[in-house]
2 protein chains.
Amino acid sequence: MPDSGPMPPAGRMLQRAAKQRTAQSPATIYDIAALAGVNASTVSRALTKPGRVSAKTQKKIEDAAAQLNYQANPFARALPTGKTNTVGLIVSDITNPAYFDVIRGAEGAASARDYTLLLAESAESAQTELLAAKRIMTTVDGIILASPRLADEQIRELAKKKPVVVINRMVEEVGCVVADVQPGVTEAVRHLATLGHESLAYVAGPDRSWMSGHRWDSIRGRCEWSGLRVRKFGPGTPTVDGGREMAAAIRESGATGIICYNDLMAIGLMQELQSAGVRIPAEFSIVGFDNIFGSDFTTPPLSTVKSPLRETGATALTLILAELAASIEPGRADDSALRAEAAKLATELVIRGSSGQHSPAAL
Amino acid sequence: MPDSGPMPPAGRMLQRAAKQRTAQSPATIYDIAALAGVNASTVSRALTKPGRVSAKTQKKIEDAAAQLNYQANPFARALPTGKTNTVGLIVSDITNPAYFDVIRGAEGAASARDYTLLLAESAESAQTELLAAKRIMTTVDGIILASPRLADEQIRELAKKKPVVVINRMVEEVGCVVADVQPGVTEAVRHLATLGHESLAYVAGPDRSWMSGHRWDSIRGRCEWSGLRVRKFGPGTPTVDGGREMAAAIRESGATGIICYNDLMAIGLMQELQSAGVRIPAEFSIVGFDNIFGSDFTTPPLSTVKSPLRETGATALTLILAELAASIEPGRADDSALRAEAAKLATELVIRGSSGQHSPAAL
DNA sequence: TTGTACGCGTTATCAA
DNA sequence: TTGATAACGCGTACAA
């Protein structure tokens with residue numbers, strides 16, 4: 001160590017300069033600083049909060065940055081800040097087309113705000129879900145859990161570390177995005193009643209699915225209100241095959257207006273019934289949930305309670321970002337706007353061919 | 001500066017200790033070092049390449065790490081290394097269900113190797129695709145481009161900076177994953193010929209789609225070989241509506257064995273034809289491509305040339321990782337195994353109800 | 001085998 | 001308003 005002057009920065013910049021010649025490593029704020037004739041810290045200021053620097057140097061720096069095709073290194077930025085501009089999304093089953101739109105909505109909302117989406121799947125297992133969550137946790141600013149299989153307590157535990165928003169489930173003390181099932185269910189029950197169905201049935205999903213129970217509660221309540229009989233079948237697997245397996249029980253039940261936990265089950269049920277010679281909708285009316293891609297491909301096309309899947313994904317991401325902002329700048333508790341936005345997420349009946357006038361007479 | 005001893009490390013550790021009391025910030029290698037009574041660098045060595053440290057201290061460190069619930073900070077790790085353990089996947093259109101399985105395959109392969117998947121959409125625009133690519137580029141070890149809209153040259157440009165693998169398209173000098181269309185097309189053409197169709201038609205996708213042209217080339221070649229007449233229609237939009245729009249032209253064309261660029265178009269075409277009173281498959285046989293989710297929901301269910309979508313996604317990710325490994329350790333050019341794996345990706349005809357004996361007589 | 005010291009690119013805290 | 005400098009957590013030559 002021959003010298004004791006301001007060595008580190010000088011040495012650093014010399015090294016940068018040398019490096020610049022050899023490889024084509026991306027430009028750093030030091031390169032910009034050199035080009036603009038200012039200090040690196042000034043560059044940092046100018047590029048992050050464009051108010052703490054004079055207009056003149058601001059422009060010089062911006063020009064230099066543009067010329068050098070500068071792109072901030074997210075990792076270097078994340079280190080002192082802790083902010084990664086990345087949100088994780090964990091879905092329980094990528095196979096399920098209902099999530100496609102959720103993913104799409106979240107991705108759109110994210111990239112619109114210069115955020116990036118990290119995707120992971122839990123394969124319907126609480127254990128791998130927790131694993132994925134922990135792995136991702138270190139990398140993201142917040143996590144969206146779509147129909148999580150985790151226990152409430154585990155979710156709250158995660159939420160202590162980073163903002164967590166849950167989709168399609170209510171968990172105390174955690175941000176939740178759940179579309180209002182009431183309007184869609186109300187319409188559906190009324191629709192079936194109008195069609196002449198006096199005995200309804202609900203084909204439930206898995207017991208562990210919060211949403212399945214929620215939908216059942218809503219349907220039952222509505223039927224009581226309307227004086228209709230309704231029975232619950234299941235639990236069943238929330239897939240096409242799961243719907244198929246319920247066909248026999250439904251057929252013998254005497255119920256003629258069937259609402260299924262989701263479109264997948266509805267499609268399976270309908271297919272199985274049809275292949276047994278049952279006429280839809282003459283003998284049974286079938287209504288699904290979600291309005292997934294392909295639910296109108298069937299013959300007859302499926303009537304369904306449409307869920308605002310894409311909006312749900314987008315709203316979840318917005319909520320995460322809001323929680324993030326709140327944790328930094330705790331003054332503003334204007335959840336109101338967000339709550340309002342989330343409240344707009346309502347279901348709605350889409351009437352297609354699988355529900356119609358009940359006319360078993362025409363045997 | 002009262003002292004000139006080994007200040008920095010000591011000061012750092014003191015601060016850590018103080019911090020440890022207050023907030024619940026995640027444990028670092030310094031915490032482990034303190035607990036195990038060794039230096040932080042030893043911890044780093046023990047945790048990265050478990051061979052450069054004595055068995056005894058190794059255990060001590062691992063115990064301490066476990067006790068502290070240690071989780072390496074990916075950002076801090078990425079900074080000196082440049083490695084992020086993250087792969088980006090850009091799809092041209094999340095709406096298209098064909099990508100669902102690709103995403104799924106890639107995600108599965110990634111998380112199996114402790115990699116994380118970054119998802120982005122280009123919304124069918126070359127410009128936003130480039131933007132997304134550049135934004136993501138800084139964050140990932142490599143990028144997978146599914147049916148990119150970018151020009152070949154732009155893709156090569158990207159590939160100069162980080163490993164790039166392209167799905168469903170051939171680009172010189174860039175890793176590509178394209179399922180072999182030959183077997184599926186051969187089966188399909190033979191199938192239609194056997195059914196009595198003498199005049200075939202191909203409903204093309206967008207002109208910009210490399211895959212659409214590729215499929216057409218293969219079909220045409222196969223038809224020539226078989227002495228069948230075949231005409232190309234389009235270009236069209238690769239959606240259900242795009243398929244619908246081709247119905248009139250197809251109906252007047254005289255062709256009766258129709259192969260569509262993808263299932264979406266096939267479904268639209270079939271629906272439109274049926275709603276005009278045309279009987280499928282008696283009058284027209286329709287075959288799609290890909291075997292997407294829901295292609296068996298239609299009545300009749302769609303015959304289709306199945307693509308190994310999921311395997312394609314998984315293979316693409318594997319390829320990226322291989323290129324990554326090769327760029328680090330250039331000695332091993334054992335692409336052979338990979339090429340072999342990629343070569344196994346073949347299409348295959350799935351015969352369902354939309355194709356059948358040609359019997360226009362039964363008017 | 002282990003410890004020392006530095007750099008990765010950025011932000012944040014001070015002085016100036 | 002700007003500059004100098006210390007973190008952020010980890011990997012790694014180099015020295016011991």
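Labels below follow one simple rule: chain letters A, B, ... track the order of the sequence lines, proteins then strands, and each chain is numbered from 1.
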[X] [atom1] - [N] [atom2] separation (whole Å):
{"X": "B:D31", "N": "D:dC8", "atom1": "CG", "atom2": "C1'", "answer": "13 Å"}
{"X": "B:I32", "N": "D:dG9", "atom1": "CD1", "atom2": "C1'", "answer": "11 Å"}
{"X": "B:Q58", "N": "C:dT1", "atom1": "CD", "atom2": "P", "answer": "11 Å"}
{"X": "A:I61", "N": "C:dT11", "atom1": "CD1", "atom2": "C1'", "answer": "15 Å"}
{"X": "B:L79", "N": "C:dG7", "atom1": "CG", "atom2": "P", "answer": "13 Å"}
{"X": "A:F75", "N": "D:dG11", "atom1": "CZ", "atom2": "P", "answer": "14 Å"}
{"X": "A:N39", "N": "D:dT1", "atom1": "CG", "atom2": "P", "answer": "17 Å"}
{"X": "B:L68", "N": "D:dC10", "atom1": "CG", "atom2": "P", "answer": "11 Å"}

> Closest nucleotide of DNA chain D for B:K49 versus for A:G37: which of these residues is on the 5' side?
Replying inline: A:G37
OP1 or OP2 of [N] versus the side-chain N and O atoms of [X]: is any pair under 4.0 Å?
{"X": "B:N73", "N": "D:dC8", "value": "no"}
{"X": "A:R77", "N": "C:dT11", "value": "yes"}
{"X": "B:R45", "N": "C:dT1", "value": "no"}
{"X": "A:Y30", "N": "D:dA4", "value": "no"}
{"X": "A:T42", "N": "D:dT1", "value": "no"}
{"X": "A:T81", "N": "C:dT10", "value": "no"}
{"X": "A:S54", "N": "D:dT1", "value": "no"}

Shortest side-chain distance from [X], nucleotide among [options]:
{"X": "B:R52", "options": "D:dC10, C:dT10, C:dT1", "value": "C:dT1"}
{"X": "B:V53", "options": "C:dT10, C:dT2, C:dA12", "value": "C:dT2"}
{"X": "A:S41", "options": "D:dA4, C:dT10, C:dT4", "value": "D:dA4"}
{"X": "B:S44", "options": "D:dC10, D:dG11, C:dA5", "value": "D:dG11"}
{"X": "A:T28", "options": "C:dG9, C:dG3, D:dT12", "value": "C:dG9"}
{"X": "A:A76", "options": "D:dT12, D:dG9, C:dT10", "value": "C:dT10"}
{"X": "A:P80", "options": "D:dC10, D:dC8, C:dG3", "value": "D:dC8"}
{"X": "A:T48", "options": "D:dG11, C:dT10, C:dT11", "value": "C:dT11"}

>> Under 4.0 Å, counting only non-hydrogen atoms across every strand here, what does A:V38 touch: a base, just sugar-phosphate, or nothing?
In response: sugar-phosphate
> Contact class for B:A40 vs. all strands (heavy atom < 4.0 Å): base, sugar-phosphate, or nothing?
Replying inline: nothing
> Side chains of B:T57 and B:S54: donor-acceptor distance under 3.5 Å anywhere?
Replying inline: yes
Donor-acceptor check, side chain of [X] to backbone of [Y], threshold 3.5 angstrom: yes or no?
{"X": "B:T48", "Y": "B:R45", "answer": "yes"}
{"X": "B:R149", "Y": "B:S92", "answer": "no"}
{"X": "A:D141", "Y": "A:N85", "answer": "yes"}

>> Evaluate B:E121 against A:R104 for salt bridge (charged side-chain N to carboxylate O under 4.0 Å, His left out), listing each step before the verdict.
In response: CA-CA 8 Å; B:E121 184 190 11; A:R104 183 178 162 75; 3.0 Å; yes
>> B:K160 vs B:E157, test: salt bridge (charged side-chain N to carboxylate O under 4.0 Å, His left out). Steps then yes/no.
In response: CA-CA 5 Å; B:K160 278 179 189 165; B:E157 209 58 40; 3.7 Å; yes
